[in-house]
Structures are given as structure tokens and as C-alpha cells.
There are 2 protein chains.
Amino acid sequence: MPDPMYRQIAEDLRQKIESGVLGRGTQLPTELELREEYDASRTTIRDAIRLLITRGLVETRAGQGTFVVEQIDPFVIIVKPETGFGLGESAGYAADVTAGSRRPRVSMPRVEVQQATGVIASELLLADGSVVVSRHQQRFIDDTPWSLQTSFYPMSLVEQGATHILQAVDMPNGVVSYLAEVLGVKQVGWRDKITVRTPEVNETGFFKILEDGRIPVFETFRTSFDESGTPLRVTITVYPADRNQFVVSFGDVPASASA
Amino acid sequence: MPDPMYRQIAEDLRQKIESGVLGRGTQLPTELELREEYDASRTTIRDAIRLLITRGLVETRAGQGTFVVEQIDPFVIIVKPETGFGLGESAGYAADVTAGSRRPRVSMPRVEVQQATGVIASELLLADGSVVVSRHQQRFIDDTPWSLQTSFYPMSLVEQGATHILQAVDMPNGVVSYLAEVLGVKQVGWRDKITVRTPEVNETGFFKILEDGRIPVFETFRTSFDESGTPLRVTITVYPADRNQFVVSFGDVPASASA
DNA sequence: GGGTATTTGTCCGTATGTATT
DNA sequence: AAATACATACGGACAAATACC
């Protein structure tokens, strides 16, 4: 038994794309033309194209047509000790991006005092509903939206004297070094949890990606610890998965030389 | 101007799901019932449901109905030095999985001698078209498909005497320790590149996920280096993103205590 | 700026096939 | 075997976005 017609059409178009007959960025025939070419209804043609869309091969632009997607030059997020120890918020994370001609930029933080939800509370080893300080920032590279980041700090840090984290001001040297100065608290390690999920509505808006969940987002949970093993903060960062990749190195590794 | 009707319907259903009115695993009203409830055509109802499907909230089963997806207890892939140094292929990677009651299993490797393609060649610092040995394995946890893994080794290792990597036999102590024994070559570090993409057809088949690309896959490139900084091997591993997450630790981090 | 043609987006109706119970 | 529910496919109509003159 053969595949349904819309799958056959999608497969035929896929081969034309991957074989290079339809190059990157070129326009596909219009739905009307494909309708005649394959002798199918417009519904069936649209089902075929939808399959190619969810596979990430083509994109449609209302009023223009259907196009083979261009390859995106990805941002590379380097995860390694040197970029993290002693560096904080903006400084540390901006340095994560591979150099090139790319200019990172960070928005002013939005600071809130709120109650810790389940995951935040458990990561910080606090009781559910404990008060925490959240600092939220939007981060750009070359003025294109790159990531959304929120850090959560236990309120006890403020009570101990680190009052500046309540101010909506970017800390050039990072919050971690500020904590070291004021409280003598040192970050000695962290744990990153990297997952993938469909984007929330506010995220699709910021990243300007389609809000139907076709493009997933990376979500990283970074829990930082001080010398006594107490969680210092939890940082949640969200990146669109279509333009980002992570690089993790261990041991002696020569400088990167590959794409 | 309000959103189109199918989006409003999808939004209404989404709220019912996330608020708990429609619990995990419960069945949604049938398309016919939804048609009457929202006074829309079946096409519009199906468009709304399709939106929820690509967002990963519901799934349809022909002949049964539409159901709210169950939450999956994810596999946690630990990326840290202790699991990698001195351990190899099967041993090292099996240990990546958090303990619990989960039993990892690895298929017999499929060994091939082939020419290195672009990425493989450049990662191994070989000329394009150089001969390499590939060892491909399917990996399971509790008999559910977990990941597909292919390692590429330069043919020069075989010529220097490491002929066992040509045999289609699992190496319980790992290929890396075998190379250390036979050739005295030690793996001193590695670099992981973690990306997300839509699955290939053979991958959807193995993982038993829908082949329309709704569920993305993690793809990790691990390049391992010896003491002289020469790439020893490249390992490509593919995991379905709906049931896996990565944990990366640096520095002093207490044993995990969180979900 | 405005109007028109083109192209995709939304929505309707209907019929038949296929999987499951 | 029959009923149910989703899957596929056809047809048509109008709206919205875009490009071009």
C-alpha cells in the first residue's frame, strides 16, 4: 500500500531540495502550479508543504510564496570553566559567544522580588514559597534577539548585605564577583541542565519565531554553588534552537579549528 | 483584529489543559463534539488540534481520539569528566545514565570502512575522502530505544596495530582503553557540540517517534583528543529530545538532589 | 500613496479511507 | 461485523499580506 498522496508529493519535493534542484533560498512553484503539476487539490498540496515546513526544509511567506530555507550561521555557546569562574551575569555570558565580528548586548535587568516556584525552590534548597530576587535580562548579538535570561537569588543574600542585587542596574563585573566582594561568598562550581521544549508565547515574540512551536528552544538551568555547597543562585536561560549550539570541553583540548 | 478562530480554539483548549481541567492522559472531546461546542467546521477544529500537536500538548490516535500527552520521565545524560576518562564506547556511555532502576543495553556494533565526509573529516583533521572506520550502535534503556551512536576512527589507528576496532564486537572496557593498551594512545580531553535538529527517517523509525519532525532530536558531536592534541575519534550520538536532558557540571558541585 | 494582481491564510462543506474498539 | 474517530482528499469562497506599477 502506497503512502498517501501528500506524503509522496512532499517526498518528491524533498528530493528536489536535497539534490540541489531547488537551491537554498529559491522559490518553490506556487500552490496553483503544484496543483497542476501533481494533479491534486490545493488542500493536498498544502498538506505536503506543511510536512516540509515542520521538517524545517521550507518556509512560506504570505503574499510571496514558498521558499527553501536558508542555512543559518549558528551562534556557538561555549560552556567551560574559564568563561565562568569569577565572571558573572553579563560579563560571563557575553564571553560565551565565539568572537568573530559579533557584538553582544544586554538589556537593563528587570528586578523583581517574588516567591520561588517548585523548581526554583528545590534547586536553591529553599522551602516552596520562599522569597527570592529575580533578575531578568534580554540578550542580543548583533542586535538580533539571542536569549532570555532570569537569575534567582535567595533573599538571604540581600539580608546579609548584598543589597545591590535589588537594583535594576547591569553589573559589569557580574553579580558573582559582587557577592565575593561584599559577602566573601565564592562560586566554586555549577551544574547546567540542558533541555529542549516548545517556546512560550512571550519567547516567540521576543525571538521573532513562529508561535506554533515548530522551532524549539534550548532551556538551560544553571545552579551555582559556593564553597560550602550551598546553592548561590539559579539561572534559567532560553535560546532558540534554530540558531544556537552548545560546546562543552573537558581536559586538554586544542583550540577549535572546525565549523 | 482578533486571532483567527482556530487559534482561539487552540488557546481555549490549551488553557483547559494547563489549568488542569483536562488532566494528563485524558481524552479530549471528539472532533464532532468540538465542532458543535465551538460552532466551527471540522477543518477549523482540526487546525486547532494540529497547533496543539506541534506544541507537544496533545496527540491523536486514529480510531480512538485525541489525548493530552503524558509527562515523560526524562533520561538524564550526565556530561562530566569522571564518566569519560578511561571509559569508552559502551561502558562510558552506559554510565552516563542516572542510576535508578534503569538498565542500559547496547546492540552489537555495525562496523564499516568508509570515506570521511565533510564534518567527520574536518573534525578528525583528515583530508576529505580519507578512509575511516565507523562503529555504529543502537542503545536502549529498559528496552526502550534511547540513542543512536556512531564513532569514526582514522584508519591510521588500524594500520598502527589497533585491528580490533574492525571487529563487530562490543568492547566492554571501551575502545579508548583498548587504544591505550595496544598503541599507548591516551585520551586526554574531548569537546562536545550539542545541537538540535529534526530527525531523519531512520531515526524516527528506531525511536518510534512521528516522522513529521514534530519531535526534534539532540545531536552531539564528541571529538576526543590524545596527548599530542590529535583527534582520536569523533562520536555522533542522536537522542530524541522529548525524553532526554543533559547535565553538565563544573567545579565543586554537591551530589544532585533535585528533579 | 493608491490600486491591482499574486500568493498564501483561513474557513466552509462533503465524501471516503483506515485504525481501533 | 458494526460503530466510532481520526486521516486523507476533493471542491469552493473570501481574507490578508506582499509586490509592483
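In what follows, every chain begins at residue 1, and chains take the letters A, B, ... in the order their sequences are listed.
For A:Tyr239 and A:Phe246, the gap between ring centers is short of 6.0 Å. Here B:Phe140 and B:Phe206 bring their ring centres to under 6.0 angstrom of each other.
The CD atom of B:Glu36 sits 12 Å away from the P atom of C:dG13 (whole-angstrom rounding). Atom-to-atom, CZ of A:Phe67 to P of C:dT7 comes out at 10 Å; the value is rounded to the nearest Å.
Proximity of a side-chain donor or acceptor of B:Gln138 to a complementary backbone N or O of B:Pro145 within less than 3.5 Å is not detected.
In this entry D:dA1 has no Watson-Crick or G-U wobble partner, no candidate having both defining distances under 3.5 Å.
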* Protein-to-nucleotide contact annotation, 5' to 3' order, nucleotides 6-13 of chain D [B base; S sugar-phosphate only; - none; under 4.0 Å, heavy atom] -> BBBSBB-B

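Here CD of B:Glu112 is found 12.0 Å from CZ of B:Arg135. Values are rounded to the nearest 0.5 Å. Atom-to-atom distance recorded for A:Leu22:CG and A:Gln27:CD is 10.5 Å, nearest 0.5 angstrom.
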